[in-house]
Each structure stands twice: as structure tokens, then as C-alpha cells.
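Computed over heavy atoms, backbone and side chain alike; hydrogens, waters and symmetry mates excluded. Index from 1, following the sequence.
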Amino acid sequence: MRPTSSLVAVLLATVIIPDAVAQQRPTATPTRDVSVTYRGSGQAGAIGELRMSWLPARNMMRIDMGGGMGWMLMDMQAATAIMVMDAQRMIMNIPAGQIPPGGMAPSPTARFTREGSARIANLDCVNWRVEDRNETARVCLTTEGVMLRAESLSTQAESRGTLEATAVSFGVQDPARFQRPTGYQNLQLPSGLPPGGVQGGQRGTALPPPGVTMPSR
């Protein structure tokens, strides 16, 4: 299985995290600039590392995938996203229909169940079982909304996987890294086909996540 097809499943089922009911509402996205390095694993074993960075002031998230696979930029407020491949100087525009209304906005009908606490990458977090949009995941979130671990609990084996933080760096993010590159060729992803599908992978649901389908495990 190619790395792009699986990490999407975890990312999109966990990165775009649904909201909790009123009495249990964890902060689901970072409240300040941060960059997190994750180690991914799926049904085929270890997937390698990826880095996710957030610029809350502009509601932007960037995912760097390593292995020459490029990076993804998401505008969480506008619910738009692009995949950038620097080596080919190409930008793939992801159709709005592939991203849930509101981008990273949680569903008001989502169910969160608290399942204890953990310590990952030298930070404390709370484990939550999340059920929303016909997907189930388990995520560990800090009080500032940083996801330290995400596990897809999909009934489809090929969509299962885990992301776990290995390093967390708080600090001002460079706004230039959250801008659409100029001078690149623009491509439109066929409607109804997830980004992972470009690589021949399965449609994901997710962290990515964690709605959208992105580079995944």
C-alpha cells in the first residue's frame, strides 16, 4: 500500500475532528502556532514521518509529507485545500466537495467520550473516542488543542492506522509557508476522487485530520 493512500484515512477521520456535545467540548485545533512531527503506521507497517503545522491567526494548516510526496495546505475557514508537488512544480486543487462544510468545523451531532489521559512527546493529553460522519476515531488532545495521537477505528481494515507525535515545537510560524506557490501548473482533482486516489489508494475519511482526504498512511 502506498503511503498516500493510508495516511489519508487516519488524517481525515482524525485531523478534522468533530466537536463534542456541550458538556464535553475539548479544544480540537491548536490555539497558538505550533509544528508537530508525527510517526505513522498502518496495516502494512510503519509509514514514516510527516509534519503538521498550524497558523491559527489565519486558520491555516500545512502538512509536509516527506519522501518527495509534497505538501498540503488547508484553509480551515474556507474549507479549501491544495496539494503542492514542488519537484513537478504542480498544484492540485482539491474540490470543495471533498472537504466538509466549514473545513475543520466540527459536526454538532458528533459524540465525544472521554477515555482517560496519557503523556506523549513530553506533553499531557486527554484521550477521546470520537464518533461522527459514520467514522470512529480515538484522539489524544492537549488543553491547547494539539493532537498528540490519532487512531482510526474504521471497520475497514485498509483505512485503519495511527499517527503519534514524536516532537512538538511551539513558536511563531512563517506565514510564507502557508501561501499558495506562484508559477506552478494548476491541476483540478476529478470530483468525487480523493487525493489518495491519485496514487491509486483507497478513499480516506479523515486527521488530517482528524472530511477531507489527504496524504495518509
Side-chain angles (χ1 to χ4, degrees), residues 1-16 29-30 33-40 42 47-100 102-105 147 150 161 163 165-167 169 171-217:
M1 181 183 300
R2 298 192 179 187
T4 38
S5 61
S6 239
L7 199 42
V8 179
V10 163
L11 284 179
L12 296 186
T14 57
V15 171
I16 297 184
T29 55
D33 288 15
V34 65
S35 183
V36 184
T37 299
Y38 294 96
R39 177 179 56 243
I47 296 197
E49 290 189 341
L50 66 88
R51 184 171 54 146
M52 298 175 66
S53 304
W54 284 266
L55 189 63
R58 288 175 48 194
N59 288 310
M60 302 294 289
M61 179 178 72
R62 171 171 168 151
I63 303 174
D64 291 272
M65 291 168 282
M69 287 165 43
W71 50 282
M72 175 174 278
L73 184 63
M74 293 184 63
D75 183 326
M76 299 180 286
Q77 183 66 36
T80 59
I82 60 172
M83 176 75 79
V84 180
M85 292 153 279
D86 290 315
Q88 295 81 15
R89 295 185 64 80
M90 293 170 55
I91 295 176
M92 184 176 296
N93 297 292
I94 300 174
Q98 297 295 320
I99 303 172
M104 300 291 284
M147 182 185 75
L163 286 178
T166 58
S169 178
V172 178
Q173 296 294 305
D174 181 2
R177 297 186 65 247
F178 296 81
Q179 295 180 353
R180 185 187 187 97
T182 59
Y184 282 32
Q185 180 182 1
N186 290 294
L187 297 177
Q188 183 68 39
L189 189 69
S191 180
L193 180 68
V198 176
Q199 298 293 332
Q202 301 295 320
R203 176 180 176 81
T205 56
L207 174 120
V212 187
T213 327
M214 18 191 186
S216 198
R217 327 149 0 35

Point to revise | Counterpart residues, side-chain contact (heavy atoms from CB on, under 4.5 Å), relative to R51 (two or more places apart) | key: S35, T37, S53, D64, R177
Review point. With side chains defined as the heavy atoms from C-beta onward, is the minimum distance between Y184 and V84 less than 4.5 Å?
Key: yes
Exercise for review: Return the minimal non-hydrogen interatomic distance between M61 and W54, and the atom names on each side.
Suggested key: SD-NE1, 3.3 Å
**Study point:** Side chain to side chain, D33 and P56, heavy atoms closer than 4.5 Å
**Key:** yes
Review point. Can you list the steps and then say if E49 with Y38 is a side chain to side chain contact (heavy atoms under 4.5 Å, CB included)?
Key: CA-CA 5 Å; E49 290 189 341; Y38 294 96; over 6 Å; no
Review point. How far apart are the C-alpha atoms of N93 and R180, what are their side-chain angles, what is the distance that settles it, and do they pass the side chain to side chain contact (heavy atoms under 4.5 Å, CB included) test?
Key: CA-CA 11 Å; N93 297 292; R180 185 187 187 97; 2.6 Å; yes
**Study point:** Test item: M60 and M76 side chains (from C-beta on) under 4.5 Å apart, heavy atoms
**Key:** no
Practice item. Indicate the atoms forming the closest heavy-atom contact of V34 with Q173, along with that distance. Key: C-NE2, 3.8 Å
Review point. Can you find a heavy atom in the side chain of L187 that is under 4.5 Å from one in the side chain of I91?
Key: no
Check your understanding: W71 ring centre to R62 NZ or CZ under 6.0 Å, with the angle to the axis within 45°?
Key -> yes
Point to revise | Over all atoms of both residues, closest heavy-atom pair of V36 and A165 | key: CG1-CB, 3.7 Å
Practice item. Tell me, please, which residues at least two apart from D174 pass side-chain hydrogen bond (donor to acceptor under 3.5 Å, both in side chains). Key: none
Check your understanding: Are the side chains of I94 and I82 in touch, meaning some heavy atoms are under 4.5 Å apart?
Key -> no
Review point. Is it true that a side-chain atom of D75 and a backbone atom of A78 form a donor plus acceptor pair closer than 3.5 Å?
Key: yes
Point to revise | Non-hydrogen side-chain atoms of I63 and M83 separated by less than 4.5 Å | key: no
Practice item. Mind listing the closest non-hydrogen atom pair of L50 and L163 along with its distance? Key: CD2-CD2, 4.0 Å
Study note, to complete from the structure: To the nearest 0.5 Å, atom CE of M85 lies from atom CE of M90 at 5.0 Å
Point to revise | Closest non-hydrogen atom pair, M65 against M72 | key: CE-N, 4.1 Å
Point to revise | Partner set under side-chain contact (heavy atoms from CB on, under 4.5 Å) for Q179, not counting sequence neighbours | key: R58
